[in-house]
There are 2 protein chains.
Amino acid sequence: MQKSSRVSEAVIRRLPKYYRYLKDMQKSGVERISSKELSKKMGLTASQIRQDFNCFGGFGQQGYGYHVSELCDEIRKILGLDKEYNVIIAGAGNLGQALANYVGFEKEGFNIRAMFDVNPRLVGLSIRGVQILDIDSMGDYIVNNEIQVGIVCVPKAKAQEVTDEMVKRGIKSIWNFAPVDVEIPENVAVENVHLSDTLYTLSYKMNED
Amino acid sequence: MQKSSRVSEAVIRRLPKYYRYLKDMQKSGVERISSKELSKKMGLTASQIRQDFNCFGGFGQQGYGYHVSELCDEIRKILGLDKEYNVIIAGAGNLGQALANYVGFEKEGFNIRAMFDVNPRLVGLSIRGVQILDIDSMGDYIVNNEIQVGIVCVPKAKAQEVTDEMVKRGIKSIWNFAPVDVEIPENVAVENVHLSDTLYTLSYKMNED
DNA sequence: TATATATCGTTAAAAAAATAACAATAATTC
DNA sequence: GAATTATTGTTATTTTTTTAACGATATATA
Ligand SMILES: NC(=O)c1ccc[n+]([C@@H]2O[C@H](COP(=O)([O-])OP(=O)(O)OC[C@H]3O[C@@H](n4cnc5c(N)ncnc54)[C@H](O)[C@@H]3O)[C@@H](O)[C@H]2O)c1
Ligand SMILES: NC(=O)c1ccc[n+]([C@@H]2O[C@H](COP(=O)([O-])OP(=O)(O)OC[C@H]3O[C@@H](n4cnc5c(N)ncnc54)[C@H](O)[C@@H]3O)[C@@H](O)[C@H]2O)c1
């Protein structure tokens, strides 16, 4: 993996999509694929695919194409999915619980260790073996359990506050679902998901022309 | 609103973000804003903001800036959020229930009329007054209740099948949460959300350099 | 009312991204 | 083992997107 700092955001955003398709192909026993075939499946150009992969060194063979499982492994590594992460969820409401119940994240190394909430009715319960703890204990928990990833599922008004506490205690990345762009210092990564945005885009498309 | 077909995807994807910020400002009583001020808040350039708005005609006044609530209303209209929609959810599991419980969608006109599932334990239950019906009745329900929007929350393997049924019965847009790009005919709109993708991007960022 | 100031809408320039072209090279065929 | 074919990695071109520049115009001020 080469100097990643100058790989464009556009390329990075496509990596998970490549990973998704390659994993599927690998699962169904496909051993090799050319950029041309892949371009048809994914709705991209072959040129773009080759150029994307070459940002990271190029994993193909001329005259042959790409080994699916090899390429898949490389992209997994590039995305950092070859590692294990300790994760917590702040906000054990509808969305927090849905995420906690989803097994897909653990399959890629994101292990949810605990959830946190203010609601005393929720504190003490467990979701798939993951305990819901009092939000006041979150800070210490992060430090004592080497949590790297924080998922924010609290109401909008509390999202920044909860994020700040996570960052203060050393969390390295924030996956935020509250409909606000939370602010973080430079050395912390953040993804503000904004589910509604995609619904509104859909609405636009549905109404256009 | 002018010929929308040639407004670039990049601009369209920014519209919900503008809407989010403008709604917040409107709520907190801000009456006017210049492209410069807005650019600071949103982390964009003033130039881009002005050019984006001008794709739809330009809603500002020289020497003054933009009326927040006027601009907000315009963007709401552009996004089609001034209308009401009938919505159904296929798959009343973790995510389907979380979405059904969220009030934010109805506030923008997306009214969830029913949910559908194969699981007999779920059929008959209600979420916030929304009934879970048998998936076999979905087709007729769509036709009889003028459903425009279908939310797909079934497992990956069933997503295309469910989508096909929705489309066949006349649904005009698909909001898909299964980790697969569902195929639709040209006259139907689709947003494949891919929640995990953003987690993987986050993972990449967290590990870079 | 005239002048100065602010800020838009629009056109121009720069930067980034996507696509196309092609030489290099591995695999396959004869 | 030479010739042919397939397909990459890479460089060049085109297109799209972003940013900058600036004239036009409304507001505010004197
Ligand atoms: N559910 C959805 O489909 C959906 C869709 C789009 C966006 N969102 C956003 O995701 C976030 C969570 O949504 P939800 O539907 O799960 O809401 P929810 O109300 O069901 O859950 C929020 C939870 O956060 C807890 N909470 C409140 N303040 C807290 C604090 N300071 N610290 C810790 N916990 C606190 C509440 O007790 C509650 O359990 C919200 O910001 C919402 O806007 C949700
Ligand atoms: N929960 C999450 O956090 C999360 C995250 C990323 C992606 N997803 C995706 O969203 C989808 C739903 O996830 P979930 O966690 O709610 O899963 P889930 O298993 O909790 O719910 C799926 C529901 O679909 C129903 N179902 C199965 N086949 C059906 C069919 N043919 N017709 C109608 N209903 C059917 C099941 O009975 C179940 O109730 C999945 O594709 C999942 O991969 C979920």
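Throughout, a chain's letter reflects where its sequence line sits, starting with A, and its residues are numbered from 1. Predicted, not measured: the structure shown is a model, and the values here were computed from it.
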Trainee: Output, in order, the C-alpha distance, side-chain angles, deciding distance and verdict of side chain to side chain contact (heavy atoms under 4.5 Å, CB included) for E165(B) and I171(B).
Mentor: CA-CA 9 Å; E165(B) 174 71 1; I171(B) 269 186; over 6 Å; no

Trainee: Please produce a list of atom pairs where a protein N or O lies less than 3.5 Å from an N or O of nucleotides 12-17 of chain D.
Mentor:
none

Trainee: With heavy-atom distances below 4.5 Å as the criterion, would you say the side chains of E191(A) and N176(A) are in contact?
Mentor: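 No, side chains not in contact.
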
Trainee: What is the distance, rounded to the nearest whole Å, between atom CG of N54(A) and atom C1' of dT25(C)?
Mentor: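 Distance, rounded to whole Å: 14 Å.
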
Trainee: dT7(D) P sits how many Å from H67(A) NE2, rounded?
Mentor: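 My rounded result for the distance is 13 Å.
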
Trainee: For E106(B), look at atom CD and say whether over 12 heavy atoms of other residues, nucleotides or ligands are found less than 6.0 Å away.
Mentor: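 Yes.
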
Trainee: What's the CD1-P distance between I49(A) and dA18(C), to the nearest Å?
Mentor: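 Taking CD1 of I49(A) and P of dA18(C), I get 12 Å after rounding.
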
Trainee: Specify the separation, in whole Å, of atom CD1 of I12(A) and atom P of dA16(C).
Mentor: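 That distance rounds to 14 Å.
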
Trainee: Within residues 16-31 of chain A, find the residues that approach DNA chain C with a heavy atom at under 4.0 Å, and present them sorted by residue number.
Mentor: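 Hits under 4.0 Å, by residue number: none.
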
Trainee: Mind checking side-chain hydrogen bond (donor to acceptor under 3.5 Å, both in side chains) for R14(B) and listing every partner two or more places apart, or none if nothing turns up?
Mentor: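 side-chain hydrogen bond (donor to acceptor under 3.5 Å, both in side chains) check on R14(B) returns D52(B).
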
Trainee: Does T45(A) put a side-chain nitrogen or oxygen below 4.0 Å from OP1 or OP2 of dT19(C)?
Mentor: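 T45(A) to dT19(C) OP1/OP2: side-chain N or O found under 4.0 Å.
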
Trainee: Using the six-membered ring of Y64(A), assess whether NZ or CZ of R32(A) lies under 6.0 Å from its centre and within 45 degrees of the ring axis.
Mentor: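 Geometry flag: set, cation within 6.0 Å and 45°.
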
Trainee: For D52(B) and dG9(C), give me the distance from atom CG to atom C1', rounded to whole Å.
Mentor: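 Rounding to the nearest Å, CG of D52(B) and C1' of dG9(C) are 13 Å apart.
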
Trainee: Between Y66(B) and dG9(C), is there a contact of a side-chain N or O with OP1 or OP2 at under 4.0 Å?
Mentor: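 Affirmative; the distance criterion is met.
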
Trainee: Go nucleotide by nucleotide along DNA chain D from the 5' end; which of V11(B) and A46(A) gets its closest nucleotide reached first?
Mentor: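 Counting from the 5' end, the first nearest nucleotide belongs to A46(A).
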
Trainee: Using atom CG of L38(A) as one end and atom C1' of dT7(D) as the other, report the distance to the nearest whole Å.
Mentor: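 Going from CG in L38(A) over to C1' in dT7(D) covers 13 Å.
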
Trainee: Taking side-chain hydrogen bond (donor to acceptor under 3.5 Å, both in side chains) as the test, write out the residues that go with N86(B), two or more places apart.
Mentor: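 side-chain hydrogen bond (donor to acceptor under 3.5 Å, both in side chains) check on N86(B) returns R113(B).
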
Trainee: For D73(A) and K77(A), indicate whether the former's side chain and the latter's backbone hold a donor-acceptor pair under 3.5 Å.
Mentor: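 Pair absent, no side-chain N/O of D73(A) close to backbone of K77(A).
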
Trainee: Only counting residues at least two apart or in another chain, list the ones meeting salt bridge (charged side-chain N to carboxylate O under 4.0 Å, His left out) with E84(B).
Mentor: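 So E84(B) forms no salt bridge (charged side-chain N to carboxylate O under 4.0 Å, His left out) with any residue.
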
Trainee: What is the per-nucleotide protein-contact pattern of nucleotides 21-30 of chain D, from the 5' end, where B denotes a base atom under 4.0 Å from a protein heavy atom, S denotes such proximity for sugar-phosphate atoms only, and - denotes neither?
Mentor: B-BBBBSS--

Trainee: Nearest whole angstrom, please: distance from the P of dC8(C) to the CD of E37(B).
Mentor: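 Computing the E37(B):CD to dC8(C):P distance gives 9 Å.
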
Trainee: Is it true that atom NZ of K158(A) has more than 12 heavy atoms of other residues, nucleotides or ligands lying nearer than 6.0 Å?
Mentor: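 Atom NZ in K158(A) is not packed in, count stays at 12 or less.
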
Trainee: Any chance you could lay out the side chain to side chain contact (heavy atoms under 4.5 Å, CB included) test for R169(B) and I147(B), step after step, and finish with the verdict?
Mentor: CA-CA 9 Å; R169(B) 297 311 187 104; I147(B) 304 299; over 6 Å; no

Trainee: Given atom CG of L44(A) and atom C1' of dA17(C), what is their separation to the nearest angstrom?
Mentor: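 That distance rounds to 13 Å.
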
Trainee: Going by heavy atoms in the side chains, are F56(A) and L15(A) under 4.5 Å from each other?
Mentor: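 Yes - at least one pair of side-chain heavy atoms lies under 4.5 Å apart.
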
Trainee: Give a yes/no answer on whether the side chain of S35(B) brings an N or O atom under 4.0 Å of OP1 or OP2 in dC8(C).
Mentor: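 Checking dC8(C) against S35(B), a side-chain N or O does come within under 4.0 Å of OP1 or OP2.
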
